[in-house]
Number of protein chains: 2
Amino acid sequence: MSPKRYALLVAGGSGTRMKSEIPKQFLLLKNIPILAHTINQFLKCNCEIILVLPSNHSETFKKEVLHFCNSQNMLLAQGGNTRFESVKNGLDLVSKQGLVAVHDAVRPLVSVEIIEQSFKYATQYGAAVAAVDLKDSIREHNKARERSNYKLVQTPQTFTSELIKKAYLQAYKPSFTDDASVLESLGHSIHLFEGDYKNIKITTPEDLLVAEALMR
Amino acid sequence: MSPKRYALLVAGGSGTRMKSEIPKQFLLLKNIPILAHTINQFLKCNCEIILVLPSNHSETFKKEVLHFCNSQNMLLAQGGNTRFESVKNGLDLVSKQGLVAVHDAVRPLVSVEIIEQSFKYATQYGAAVAAVDLKDSIREHNKARERSNYKLVQTPQTFTSELIKKAYLQAYKPSFTDDASVLESLGHSIHLFEGDYKNIKITTPEDLLVAEALMR
């Protein structure tokens with residue numbers, strides 16, 4: 001029997017960078033809310049959905065998003081003040097042993113292939129993270145760096161439930177830049193696998209245009 | 001009198017990453033070759049164009065691109081085996097004192113505003129480089145890094161002709177990741193200014209779709 005799969009979707013953003021009153025996860029992409037696209041991709045991969053939303057967004061979600069989702073059967077967790085707290089709240093709803101894919105709700109273009117790979121590598125290595133090469137040159141504190149030494153990290157970041165739950169028992173540290181870094185702080189290594197340039201994070205109005213183009 | 005302005009456009013690529021026989025600078029974007037878009041943006045800013053092209057591409061350029069350009073008056077330099085050599089060949093055609101904006105030919109979405117800023121800051125600081133913040137998390141050799149310490153570097157990278165010519169008299173070093181790093185190797189600092197997420201480098205077929213979307 002294959003292990004139970006959870007998708008922990010973090011939709012914490014308030015949408016200020018989008019110059020929009022509507023939080024970006026609710027904006028329409030090809031007439032469907034961004035969040036519904038994301039949820040449906042993980043449903044295709046037989047995941048149980050745990051959606052972390054700021055509490056004042058849950059009404060909007062139920063009214064505007066839920067009927068676009070291919071299943072209404074999902075768990076809602078309350079968003080925290082930080083991403084760390086939001087993920088922690090979501091993990092409290094992981095009741096069975098299995099695998100947990102943590103994913104930014106505003107990455108609706110994640111492919112089924114990438115999700116499946118994240119579960120495959122998480123089974124094999126305990127922790128798997130999608131990452132891509134840089135296309136531009138890079139500087140650190142205004143010093144030129146060799147870009148081939150770097151990777152840009154996306155989500156899903158997928159873990160065994162045991163590992164990620166244990167990792168989130170730690171107190172928050174500023175060095176926790178993503179879920180993988182929370183795990184590494186326990187001394188556990190992660191497996192990077194090839195992500196997808198199309199799997200963009202929608203954070204600006206231009207990103208919405210880009211996403212529409214990439215969906216064609 | 002404002003200083004003489006050169007745009008040194010580097011079109012060295014052979015197009016293999018585009019899965020296309022046609023080098024990517026010749027591909028059409030809204031029915032106009034990418035390269036013509038780029039040239040026209042710098043013409044709008046009163047630049048003399050120095051175009052660095054592999055020698056076997058100059059016929060294609062004259063047949064397919066030149067008539068889309070808003071001026072036929074430009075200098076052609078021969079592409080080298082490396083980007084360093086290509087820029088060096090282009091700099092040989094900078095005959096007057098002034099400012100030189102070095103720019104990737106496959107960044108056709110560069111705005112007039114960004115070009116003007118690069119000239120303004122190059123006048124002020126001697127060397128100015130467009131750069132943007134990272135949207136994704138970043139890792140170096142699979143170690144999580146704080147993304148706010150990093151910037152992604154774009155072009156134009158704009159310099160006084162004196163400084164950039166002097167910098168390119170150096171022998172090539174592997175640490176030369178871009179033009180700015182060539183200058184810094186002489187001990188000169190550069191000024192980073194806020195670039196533009198739309199100013200993408202077209203290196204994959206998806207980038208072409210994205211560029212079309214961003215032009216709307």
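Throughout, protein chains are lettered first and strands after them, A, B, ... in sequence-line order, and every chain is numbered starting at 1. Given the structure is predicted, the values throughout are model-derived calculations rather than measurements.
Residues A:Ala180 and B:Arg139 come closest through the heavy atom pair CB-NH2, 3.5 Å. Across every non-hydrogen atom of B:Leu209 and A:Ala213, the tightest pair is O-CB, 3.5 Å.
The number of heavy atoms from other shown groups lying within 6.0 Å of NZ (A:Lys166) does not exceed 12. The number of heavy atoms from other shown groups lying within 6.0 Å of CD (B:Gln124) is above 12. Atom CG of B:Asn81 has 12 or fewer heavy atoms from other residues, nucleotides or ligands within 6.0 Å.
Between atom OG1 of residue A:Thr177 and atom CZ of residue B:Arg147 there is a gap of 8.5 Å, rounded to the nearest 0.5 Å. Taken to the nearest 0.5 Å, the OG1 atom of A:Thr204 stands 9.0 Å off from the NZ atom of B:Lys198.
At a heavy-atom cut-off of under 4.5 Å, chain B is reached by A:Asn149, A:Tyr150, A:Lys151, A:Leu152, A:Val153 from residues 148-163 of chain A, listed in order of number. Contact annotation for residues 181-190 of chain A against chain B (heavy-atom separation below 4.5 Å, listed by residue number): A:Ser181, A:Glu184, A:Ile190.
A:Asp136 has its side chain out of reach of B:Val132: every pair of non-hydrogen atoms, C-beta onward, lies at least 4.5 Å apart.
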